[in-house]
Participant: 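Quick one: this structure, given as structure tokens, is what I'll be asking you about.
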Protein chains: 2
Amino acid sequence: MTAAEEQPGSAEHVLELVASGTAASRADLVRELGLAASTVSARVQELVDAGLLTEYGEGASRGGRRPRLLRIPDSGGIALAADLGSHHARVGAVGRTGATFDVTEHSFDLTAGPDRALEPLVGRLAELADRQRAAGRTVRAVGVGFPGPVDTGTGQVIAPARMPGWHLYELRDRLAERLGLPVLVDNDANMMALGEHRAAHPGLRHLVVVKAGRGIGSGVISDGRLYRGARGSAGDISHVRVDAAAERPCSCGNIGCLETVASGAAIAAELRTLGIGVDGSTDVLRLVTDGEPHATTLVRQAGRHIGAVLSVVVNFFNPEAVVLAGALAEAEPLVAAVRGMLYERCLPMATSELTITAATSGADAGLLGAGHAALRELAPGSRPVPMTPAAPR
Amino acid sequence: MTAAEEQPGSAEHVLELVASGTAASRADLVRELGLAASTVSARVQELVDAGLLTEYGEGASRGGRRPRLLRIPDSGGIALAADLGSHHARVGAVGRTGATFDVTEHSFDLTAGPDRALEPLVGRLAELADRQRAAGRTVRAVGVGFPGPVDTGTGQVIAPARMPGWHLYELRDRLAERLGLPVLVDNDANMMALGEHRAAHPGLRHLVVVKAGRGIGSGVISDGRLYRGARGSAGDISHVRVDAAAERPCSCGNIGCLETVASGAAIAAELRTLGIGVDGSTDVLRLVTDGEPHATTLVRQAGRHIGAVLSVVVNFFNPEAVVLAGALAEAEPLVAAVRGMLYERCLPMATSELTITAATSGADAGLLGAGHAALRELAPGSRPVPMTPAAPR
DNA sequence: TGGACTTCGTTCGGGTATCGAATAAAGTCC
DNA sequence: GGACTTTATTCGATACCCGAACGAAGTCCA
């Protein structure tokens, strides 16, 4: 069972079941969807005709006629995806199956403001699109994860800390205009949550994905869908007050935020005061894996702080899993510290069946989520623009 | 627009729109449901025939034919509701309109264990049922709010603190058996959340209702529906660690929980050490309204502690409203302290349109929620048991 | 080796829910 | 007193889904 709660039998639902590997034949779909075999047969035929689904031979018999296997052809449509960080960008293509193609990482300066940052990004994406088209794949949409708040209704960036010039920038529309493709923009932690959910934990209904990198953010999956909250700011744990952060001023204008003691940026700053030269959170990670004691201590402490905040979240939200993503999540001490804190502080009922783990899709989680979201939202189960003018509901 | 996300046009949805006052005529329903007028007309006719909906004259013209007003007759079915506390029980009847009838409060000892507590409860409910039937109303179901964790699947109580003998007690089935009616049991904070949502804030999608009484609990409405989390323990904020609680042992077996410094029980205990005789949280409330300085200080401090924990919840969950319910919520200093804490600590984005308020349905919130939930779940829009064998889905 | 049974998939007739147009009823407004 | 609104119902037309029947392809065992 997939977690998504769509109309059973919608084209999107069928594609998702096949893409995720949950269903590989019409008979599987009948079981998963709970619809009549005749209905499924008709729906599948439509999708095959539309080129969104392909048959490729037959599977093993289970005591009767062999099933005719279904697959999603990557030629049926891919999305370009970009996972933006403040100083780097990861760019690649994502197919409906969850496969990624042609993933590259570039250094790239978001803090220079939209005017300076947009060009290189558009350039990378346009080149990627060309290469994908040359490989015979249809580019249907673009998904972008941005390291700051995004108004998903308008596609504008909202008051990101430490990134002057971006406030109210219409990132979605500008990219769409330049690339000639529909674009979806969302917060990077939300994209990661979507990616980890689809790639590593489909089936889970309630999931919190924490991104611990230069900054700290989290994306929330509730009832199998991304939860954004009233104003789209759900998932923020970065600006929770932590006693250990005392009076430290935070980029948000408040004091004592979690971010000031547990983010990659904070740890790097602390290491620099100790005379250890580090640049970003990947440097911090490297020091930890090399066994540098100060870095290890600081990372472990960061994990404790994050765990303390998450203990409130886990008691309140009672998720099935907490996934740690971002550069620092690759540091074992951080994961261990979070685990310890959660098991110590949370109610047994909340942790007894809780999975606490590092992201399995690793650095590509954000990319996957962005690509998936774009395909789902912008390239639904039919040709470019369906004739029906967006059913009034 | 109501927040509930049901099949548009389901009998339940229609009844809810009428009950909440959102729709008062067929034309209103057409607008709200987005269905064709003919469809709505047919559906309404069915409901009128079934006695679940009544016409009562005509409304004001809006420039054309006058609408024929629809109303939910309370004779169409009510639920018995009980809001249980550790030392008292509030019992009453709830109609589909949200009206309450014949509400009474009894002292009653849950801590004496199920065998001693069940009889009086059954007695009260049976008497109430008799009176309601004598008044010409059909009793369709029973809803019960229990002050502790409940497995809503089985209707069993789960390991409640300080209430020996209740673990795994099949409260739902025992009551159903004794009363001869379908029974719904859930945690009291959940019931309160449902009640406040329906009665005071329909239309809001994301809502946290905090019950501050003898204990502290919260109920969460997400996407217009009660959110229970993976194992049904969502909404717990009582056992979050608070620095001010230091090493105080908590009923949950851990130390330093919010409950040990901010619950009515904790405040009462503290007052007793000061030589002030108090019994329950209503006593505490009385002292505060009388201006007793120690009580006021303690309550204000409790508000700060609760607010500090809620600030994490508000940042993370980004609700549209935080509603304070339970006895202590009637103390102004507590509400003020929570407000202050949230505005000070949360992100502006999370609080700029956040409503923070005391429960408007007051002491009846839990009753209302229990009644509503029972009617919704157990007495859907038709006669006792529909012929269709619970559509396989 | 050949039936009996299983699994997979399609075809086809029928049921149900909803829609839209036509119609009627009742009122407002100038 | 007509022109236009709003409300409500009636009546085919339609889309969607189901179930039964059937065909196709395989397994299993005597």
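Just so you know, these numbers use all the heavy atoms, side chains as well, and skip hydrogens, waters and symmetry mates. In what follows, chains are A, B, ... by sequence order, proteins preceding strands, each numbered from 1.
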Participant: Counting heavy atoms from C-beta on, name the nucleotide in D/dA8, D/dG19, C/dG9 closest to the side chain of A/Ser38.
Facilitator: D/dG19

Participant: For C/dC8, take OP1 and OP2 only and decide whether either is under 4.0 Å from a side-chain N or O of A/Arg62.
Facilitator: yes

Participant: Under 4.0 Å from OP1 or OP2 of C/dC8: is there any side-chain N or O of A/Arg68 that close?
Facilitator: no

Participant: Would you say a side-chain N or O of B/Thr39 is under 4.0 Å from OP1 or OP2 of C/dC19?
Facilitator: yes

Participant: Between B/Gln45 and A/Val40, which residue's closest nucleotide on DNA chain D lies nearer the 5′ terminus?
Facilitator: B/Gln45

Participant: Look at A/Glu12 together with A/Arg376 and state whether they make a salt bridge at an N to O cut-off of under 4.0 Å.
Facilitator: no

Participant: Whole angstroms only, please: what is the CD-C1' distance between B/Glu58 and D/dT7?
Facilitator: 10 Å

Participant: Given C/dT18, is OP1 or OP2 found less than 4.0 Å from the side-chain N or O atoms of B/Arg43?
Facilitator: yes

Participant: To the nearest 0.5 Å, tell me how far A/Arg198 CZ sits from A/Leu368 CG.
Facilitator: 11.0 Å

Participant: With nearest nucleotides of DNA chain C determined for B/Ala36 and A/Arg26 from heavy-atom distances, which residue corresponds to the more 5′ nucleotide?
Facilitator: A/Arg26

Participant: For A/Arg31 and C/dC8, is the shortest distance between a side-chain N/O and OP1 or OP2 below 4.0 Å?
Facilitator: yes

Participant: With rounding to the nearest 0.5 Å, note down the distance linking CG in B/Leu184 to CG in B/Leu175.
Facilitator: 11.0 Å

Participant: Name the residue closer to the 5' end of DNA chain C, choosing between A/Gly64 and B/Ser61 according to the nucleotide with the nearest heavy atom.
Facilitator: A/Gly64

Participant: Do the charged groups of A/Glu16 and A/Arg96 touch, with an N to O distance under 4.0 Å?
Facilitator: no

Participant: Indicate whether OP1 or OP2 belonging to C/dG27 is found under 4.0 Å from a side-chain N or O atom of B/Arg66.
Facilitator: yes

